[in-house]
There are 2 protein chains.
Amino acid sequence: MRWEPGAPDRLQQAALELFATRGYEETTAAEIAQAVGLTERTFFRHFKDKREVLFRGQDHLVKAALQGVNAAPEQATPMEVLTSALQAITSAFSDERRPWSRTRQQVIDRNPALQEREQHKLSILAATIAEAMAARGVAAPTATLAARSGIAAFEVAFLRWIADGEQRPLTVIIKDVLDELRALLR
Amino acid sequence: MRWEPGAPDRLQQAALELFATRGYEETTAAEIAQAVGLTERTFFRHFKDKREVLFRGQDHLVKAALQGVNAAPEQATPMEVLTSALQAITSAFSDERRPWSRTRQQVIDRNPALQEREQHKLSILAATIAEAMAARGVAAPTATLAARSGIAAFEVAFLRWIADGEQRPLTVIIKDVLDELRALLR
DNA sequence: AGCTCGCATGTCAGTTGCTGTCATCACTAG
DNA sequence: CTAGTGATGACAGCAACTGACATGCGAGCT
């Protein structure tokens with residue numbers, strides 16, 4: 001072949017490394033591309049903007065969430081449906097991904113522009129779950145509240161997952177956090 | 001005086017009008033500035049970026065939220081503290097602001113970049129509330145969950161507030177939504 | 001073998017968002 | 001009257017994108 005395959009993957013990898021060492025703002029798209037032997041123009045063919053290079057595969061989570069919602073039994077309560085969705089999402093985070101998730105999160109935590117993108121992605125995820133729940137007959141406002149609270153729980157669990165010394169898998173942590181959420185309103 | 005006072009206000013006003021008619025992306029910062037007799041450079045002296053022109057005064061909401069948290073009695077439950085914070089926030093939205101909020105929201109709904117900024121601002125608001133709750137002795141994860149869920153309730157209430165035909169003030173609507181949230185986990 | 005077509009990429013020019021720097025000019029305090 | 005302050009203008013420049021067009025490998029067809 002004329003060019004190496006897997007351009008998006010290589011770009012993402014190089015981007016994370018550069019962001020982690022040099023910083024996000026201090027790294028240009030052209031530099032990332034150059035690091036893997038490509039041009040700036042090609043970078044923007046694979047990613048709609050510079051931030052997006054850190055957010056590939058988020059649509060994958062959306063799919064998992066939808067399957068989780070639909071996997072719940074017909075007469076499940078909103079809280080049970082939510083639990084099913086969150087189990088499906090967290091299952092996508094295997095332990096091998098943990099180091100990568102950690103550095104990625106460190107990069108995001110240092111840059112507001114990346115935080116915006118992250119919040120937006122999570123917001124879309126919540127909206128999708130809410131919509132799927134509403135399609136199952138849950139009242140729209142209730143579904144929105146449930147989905148957003150569920151995503152909040154996911155965020156808390158995720159941060160705990162990548163914390164130093166934490167050993168348990170994310171699927172286990174999320175259960176604890178959901179228990180805390182349930183206790184909250186009592 | 002050599003120049004008209006209230007430059008930020010006039011810029012914000014002009015920006016909203018231009019965004020609403022021409023569209024956000026189709027409006028340049030220079031055009032907004034020109035519309036009120038200023039230059040692009042001056043625009044960016046008042047707003048750190050183009051989006052920010054629609055998000056002035058959000059820090060005002062943060063202050064209100066903090067006061068709301070601290071206004072709750074000492075031994076209040078997390079849910080009661082949250083309610084107090086949300087009452088404080090919603091009080092900032094008087095009925096005169098409703099038309100302005102409506103068009104502003106329409107503009108935001110049409111543009112992902114603006115949605116990102118909005119989500120980020122709400123995320124900051126939630127984090128601030130959570131921090132204040134934690135300072136009062138609420139366990140950190142619980143506080144985060146509560147604050148995020150509360151902000152979710154605010155979003156739902158706000159959308160209802162600017163919906164056509166809705167007459168009730170936001171402070172009343174939020175109570176209903178919080179009831180729905182409580183019912184969710186029971 | 002020769003041909004054509006598609007697809008990932010390169011090249012180049014151009015717009016826009018945003019920043020640093022320096023100048024200007026009313027108004028104000030001394 | 002002079003020095004200083006504060007909001008602005010003027011200008012240059014970089015980085016993030018985008019559109020248009022060219023290029024060349026490899027696959028499939030004849």
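Chain letters run A, B, ... following the sequence lines, proteins first and then strands; every chain starts at 1. In this text the structure is predicted, and so the values were computed from the model without any measurement.
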Note to self: What is the distance, to the nearest angstrom, from the CZ atom on B:Phe43 to the P atom on D:dA10?
What the structure shows: 18 Å
Notebook entry, point to check: Which nucleotides of nucleotides 12-21 of chain D have their base under 4.0 Å from a protein heavy atom (B), which only their sugar-phosphate (S), and which neither (-), written as one string 5' to 3'?
Noted result: ----SBBBB-
Margin query: A side-chain contact here means heavy atoms from C-beta on lying under 4.5 Å apart; do B:Leu178 and B:Arg182 qualify?
Written below: yes
Item checked: Atom-pair distance (CG on B:Leu54; P on C:dG17), nearest Å -> 14 Å
Margin query: In this structure, how many angstroms lie between the P atom of C:dG17 and the CD atom of B:Glu52, rounded?
Written below: 15 Å
Checklist line | Interatomic distance where CD belongs to B:Glu31 and C1' belongs to C:dG17 [whole Å] | finding: 13 Å
Check: Checking B:Arg104 against B:Phe55: charged group under 6.0 Å from the ring centre and within 45 degrees of the axis?
Finding: yes
Next item on the list: Look only at the side chain of A:Glu166 and the backbone of A:Arg168, and say whether a donor-acceptor pair between them is shorter than 3.5 Å.
Entry: yes
Note to self: With a cut-off of less than 4.0 Å, is there a side-chain N or O of A:Thr39 near OP1 or OP2 of C:dT9?
What the structure shows: no
Margin query: Any side-chain to backbone donor/acceptor pair from B:Thr171 onto B:Gln87? Under 3.5 Å, distance only.
Written below: no
Notebook entry, point to check: In whole angstrom, what separates A:Glu26's CD from C:dT19's P?
Noted result: 13 Å
Item checked: Separation of atom NE2 in B:His46 from atom C1' in C:dG17, rounded to whole Å -> 18 Å
Notebook entry, point to check: Just how large is the angle between the end axes of the helix from C:dA1-D:dT30 to C:dG30-D:dC1, five pairs per end, to 10 degrees?
Noted result: 10°
Next item on the list: Report yes or no: does B:Arg10 contribute a side-chain atom to a donor-acceptor pair with the main-chain N or O of B:Glu4 at less than 3.5 Å?
Entry: yes
Check: Rounded to the nearest Å, what distance is computed from the CZ atom of residue B:Arg10 to the C1' atom of nucleotide D:dT8?
Finding: 12 Å
Notebook entry, point to check: So, the side chain of B:Arg136 versus the backbone of B:Ala72: is there a donor-acceptor pair under 3.5 Å, distance only?
Noted result: yes
Notebook entry, point to check: B:Thr42 side chain N/O closer than 4.0 Å to the phosphate oxygens (OP1, OP2) of D:dT8?
Noted result: no
Next item on the list: Give me the one residue out of B:Gln12, B:Gln58, B:Arg117 that meets side chain to side chain donor-acceptor pair (under 3.5 Å) with B:Glu52.
Entry: B:Arg117
Notebook entry, point to check: Do B:Arg148 side-chain atoms and A:Val156 backbone N/O form a donor-acceptor pair below 3.5 Å?
Noted result: no
Note to self: Keeping B:Gln119 on the side-chain end and A:Glu116 on the backbone end, is there a donor-acceptor pair under 3.5 Å?
What the structure shows: no
